[in-house]
Participant: 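Have a look at the structure that comes next, please.
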Amino acid sequence: MNAYRRFLVLLAGLMGAAGVAAAAAGAHVSPDPNLATAASFLMLGAAAVIGACALAAARGQGWSFATAGGGIIALGTLLFSGTLAGRVLWDVVLFPMAAPIGGTMLIVGWLVLGLAAFERGSRAG
């Protein structure tokens, strides 16, 4: 597994942990539904990034749509969920339009990940 995919797997682990923490905060700190949304997106995004990395690793060390899609999904999830959670927990907005940009990145990331279905042949050893 290359360094970028290792980074994505680490990021996915952190996203999953943050999702559990956001769910706990939603249950114990603030009942705002935005925390539940952030938690769901973080945990789903973490699983998607792990799956994208596994798909990419099965194809070999080179570049793939799965790796690119996983990276875009990770960044979009962090931006979208971070904006929602930051607004609820700390009354902080990262920057104007951060949540919609993150959501758009999620859509694009899923579409790019889907393009992995059309990559030809296996590059694995």
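A quick note: this is a predicted structure, and the numbers were derived from the prediction, not measured.
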Participant: Go through the steps to decide whether Thr67 and Asn2 satisfy the test side chain to side chain contact (heavy atoms under 4.5 Å, CB included), and finish with yes or no.
Facilitator: CA-CA 10 Å; Thr67 303; Asn2 65 31; 5.6 Å; no
Participant: Which value, rounded to the nearest 0.5 Å, describes the distance between Leu106 atom CG and Leu75 atom CG?
Facilitator: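 Nearest 0.5 Å value for the CG-CG distance: 9.0 Å.
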Participant: Shortest non-hydrogen contact from Glu119 to Ser64?
Facilitator: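 Glu119 and Ser64 have their closest heavy atoms at OE2-CA, 3.1 Å.
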Participant: What's the shortest heavy-atom distance between Arg59 and Arg120, and which atoms?
Facilitator: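 Closest approach of Arg59 to Arg120: NH2-O, 3.3 Å.
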Participant: Go through the steps for Leu79 and Phe95 under the test side chain to side chain contact (heavy atoms under 4.5 Å, CB included), then give the verdict.
Facilitator: CA-CA 10 Å; Leu79 192 55; Phe95 57 87; 3.8 Å; yes
Participant: Could you tell me the separation between the SG atom of Cys53 and the OH atom of Tyr4, rounded to the nearest 0.5 Å?
Facilitator: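 Going from SG on Cys53 over to OH on Tyr4, the span is 8.0 Å.
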Participant: Return the OG1 to CZ distance between Thr104 and Phe80, rounded to the nearest 0.5 Å.
Facilitator: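 That separation rounds to 10.0 Å.
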Participant: Please name the pair of heavy atoms, one in Ala22 and one in Ala39, separated by the smallest distance, quoted to 0.1 Å.
Facilitator: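 That closest heavy-atom pairing would be CB-CB, 3.8 Å.
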Participant: Between Val112 and Trp63, is there a shared hydrophobic cluster once you connect ILVMFWY residues whose side-chain heavy atoms come closer than 4.5 Å?
Facilitator: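 Same cluster: Val112 reaches Trp63 through Ile, Leu, Val, Met, Phe, Trp or Tyr contacts under 4.5 Å.
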Participant: Can you see which heavy atom on Gly45 is nearest to which on Thr77, and at what distance?
Facilitator: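 So the minimum-distance heavy-atom pair works out to CA-OG1, 4.0 Å.
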Participant: Side chains of Phe41 and Met15: closer than 4.5 Å at any heavy-atom pair?
Facilitator: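 No; the side chains remain at least 4.5 Å from each other.
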Participant: Carefully, step by step, assess Ile73 and Leu113 under the rule side chain to side chain contact (heavy atoms under 4.5 Å, CB included).
Facilitator: CA-CA 9 Å; Ile73 289 170; Leu113 180 58; 4.0 Å; yes
Participant: Given Trp90, which partner from the list Val92, Val93, Val88 fulfils the side chain to side chain contact (heavy atoms under 4.5 Å, CB included) test?
Facilitator: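 Only one option passes, and that is Val92.
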Participant: Would you kindly confirm whether Phe65 and Val108 end up in one hydrophobic cluster when ILVMFWY residues are joined by side chain heavy atoms under 4.5 Å apart?
Facilitator: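 Yes, it is one cluster - the side chains of Phe65 and Val108 are joined through contacts under 4.5 Å.
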Participant: Tell me every residue that passes side-chain hydrogen bond (donor to acceptor under 3.5 Å, both in side chains) with Ser81, counting only those two or more places apart in sequence or in another chain.
Facilitator: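 Expected list: none.
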Participant: Is it possible for you to say whether Ile101 and Ile72 belong to one hydrophobic cluster, with membership spreading through side-chain heavy-atom contacts below 4.5 Å?
Facilitator: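 Ile101 and Ile72: one cluster.
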Participant: Which heavy-atom pair separates Ala46 from Ala12 by the least distance, and what is that distance?
Facilitator: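 The pair with the smallest heavy-atom distance is CB-O, 3.2 Å.
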Participant: Does some side-chain heavy atom of Leu35 sit less than 4.5 Å from a side-chain heavy atom of Val29?
Facilitator: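 Side chain of Val29 against side chain of Leu35, heavy atoms only: no contact under 4.5 Å found.
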Participant: Over all heavy atoms of both residues, which pair between Gly70 and Ala52 is shortest? Give the atoms and the distance, please.
Facilitator: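 So the minimum-distance heavy-atom pair works out to CA-CB, 3.8 Å.
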Participant: So for atom CZ, which belongs to Phe118, do other residues, nucleotides or ligands contribute more than 12 heavy atoms lying within a distance under 6.0 Å?
Facilitator: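 Incorrect, the count does not exceed 12.
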Participant: Can you confirm whether Leu84 sits close enough to Asp32 that some side-chain heavy atom of one is under 4.5 Å from a side-chain heavy atom of the other?
Facilitator: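 They are not in side-chain contact.
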Participant: Give a yes or no on whether Trp110 and Leu8 share a hydrophobic cluster (residues Ile, Leu, Val, Met, Phe, Trp, Tyr; joining criterion: side-chain heavy atoms under 4.5 Å apart).
Facilitator: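 Result: yes, single cluster for both.
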Participant: Hey, does the side chain of Arg6 reach the backbone of Met1 with a donor-acceptor pair shorter than 3.5 angstrom?
Facilitator: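 Present.
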